[in-house]
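Worksheet: the structure to be examined is printed underneath.
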Amino acid sequence: MAHYQPIHDWTAVTPAEAVALQQQLRSQIRIQPLTEPVRTIAGCDISFNKYEETVYAGIVVLDLETLDTIEEAGVVSTATFPYVPGLLSFREIPSLLEAWQKLTIEPDVVMFDGQGIAHPRRIGIASHGGLFLNRPTFGCAKSVLVGKYEEPAPERGSWSPMTHYRDVIGAALRTKNKVNPVYVSPGHLIDLETAVALTLACDKGYRIPEPTRRAHNLVNALRRGERPAS
DNA sequence: GCGACAG
DNA sequence: ATCTTGTCGC
């Protein structure tokens with residue numbers, strides 16, 4: 001039901017062509033304040049068995065106010081692109097879009113498990129996904145791809161800017177006291193401060209924010225055959 | 001030239 | 001990402 005804009009084809013794309021495509025698409029990314037209030041937020045993730053190309057993709061939609069899950073969608077698909085640092089979107093987005101189509105609700109904002117503009121060409125999976133979904137998106141990654149930062153204070157909520165070639169590309173954010181930070185960066189149609197605020201708003205006491213945590217649990221359960229591919 | 005490198 | 005048990009620290 002939920003739909004998206006097929007900005008370009010994903011088939012028969014080589015790594016070299018993928019980089020060229022990113023260079024062509026980056027100018028379309030818009031980092032700006034939100035224009036609409038957020039009531040629902042989605043988290044997405046994929047899982048797969050070692051040495052296999054079968055991918056289990058899923059999206060979970062939560063009510064931002066209560067953090068209750070209001071909808072989930074999962075699909076079993078096949079990866080057609082290898083994992084290459086900097087080209088993650090070409091491996092994960094195709095199957096995520098399949099799951100997106102099964103949603104009844106169109107989430108107000110989407111959190112990705114990876115980078116937004118904190119990317120060598122400023123178009124990580126969250127930014128690339130934002131162009132297809134045409135709605136606010138941001139990334140919350142567990143590790144750094146590019147950029148430097150000063151260690152933020154040990155208390156939950158503290159953060160320090162991440163920079164890359166003089167550009168502020170994201171934030172190293174402490175989501176829990178004395179635990180490693182997560183790396184937040186705007187994807188499209190949102191700004192850094194809002195992305196940080198939304199990440200903190202999705203707290204349930206874990207380092208990983210709820211949207212991503214639930215999507216992760218969903219796809220792993222799907223992969224282990226513990227639940228039907230919605 | 002050498003190392004780093006989201007998931 | 002995935003393969004896997006116990007274990008150190010708050």
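Everything numeric here is computed off the predicted structure, so don't read it as measured data. Every chain is numbered from 1, with letters handed out A, B, ... down the list of sequences.
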- line: note: Arg91(A), atom CZ; dA6(B), atom P; distance rounded to Å ~ 13 Å

task: State whether the side chain of Thr137(A) and the backbone N or O of Gly129(A) hold a donor-acceptor pair below 3.5 Å, judged by distance alone.
output: no

- line: Paired with Tyr183(A), the ring-ring contact (aromatic ring centres under 6.0 Å, His included) test is passed by just one of Tyr149(A), Phe112(A), Phe138(A), namely Tyr149(A)

statement: Taken to the nearest whole Å, CG/Leu218(A) to P/dA1(C) is 15 Å

- prompt: Leu145(A) side chain: which of dG7(B), dA6(B), dC3(C) is closest?
  reply: dA6(B)

query: Contact class for Asn177(A) vs. all strands (heavy atom < 4.0 Å): base, sugar-phosphate, or nothing?
result: nothing

- prompt: Side chain of Gln28(A), backbone of Leu25(A): donor and acceptor closer than 3.5 Å?
  reply: no

- prompt: For the side chain of Thr163(A) and the backbone of Arg166(A), is there at least one donor-acceptor N/O pair under 3.5 Å apart?
  reply: no

message: Given dG7(B), dA1(C), dC10(C), identify the nucleotide with an atom nearest to the side chain of Lys178(A).
response: dC10(C)

message: At less than 4.0 Å, is any side-chain N or O atom of Asn220(A) found next to OP1 or OP2 of dT2(C)? Yes or no.
response: yes

message: Please classify the nucleic acid contact of Gly139(A) as base, sugar-phosphate, or nothing, using heavy-atom distances under 4.0 Å.
response: nothing

- prompt: Is the phosphate of dC3(C), meaning OP1 or OP2, less than 4.0 Å from a side-chain N or O of Arg223(A)?
  reply: yes

- request: Specify the separation, in whole Å, of atom OH of Tyr51(A) and atom C1' of dG7(B).
  value: 17 Å

query: Can we say Lys176(A) and Asp203(A) salt-bridge, meaning some charged N sits less than 4.0 Å from an Asp/Glu carboxylate O?
result: no

Nearest-angstrom distance from the residue atom CZ of Phe112(A) to C1' of dA1(C): 17 Å

- request: Indicate, with a heavy-atom threshold strictly under 4.0 Å, whether Val146(A) touches base, sugar-phosphate, or nothing.
  value: nothing

- request: Name the nucleic acid region contacted by Leu87(A), choosing base, sugar-phosphate or nothing; use a 4.0 angstrom heavy-atom cut-off, strictly under.
  value: base

message: For a quick check of understanding: with a heavy-atom distance under 4.0 Å over all strands, which category does Ile46(A) fall into, base, sugar-phosphate or nothing?
response: nothing

message: With the criterion set at under 5.5 Å between ring centres and under 30 degrees between planes, would dG7(B) be stacked on Tyr83(A)?
response: yes

Side chain of Lys142(A) (C-beta onward), nearest among dG7(B), dA6(B), dT2(C): dG7(B)

- line: In whole angstroms, the gap separating P of dA6(B) from NZ of Lys148(A) amounts to 16 Å

Atom-pair distance (OH on Tyr165(A); C1' on dA4(B)), nearest Å: 12 Å

task: Round to the nearest Å and state the distance from Asp45(A) atom CG to dA6(B) atom C1'.
output: 12 Å

- prompt: Between Ser47(A) and dT2(C), does any side-chain N or O lie under 4.0 Å from OP1 or OP2?
  reply: yes

query: Considering only side-chain heavy atoms of Gln115(A), which listed nucleotide, dA6(B), dT2(C), dG7(B), is closest?
result: dA6(B)

statement: Rounded to whole Å, CD of Gln22(A) lies from P of dA6(B) at a distance of 14 Å

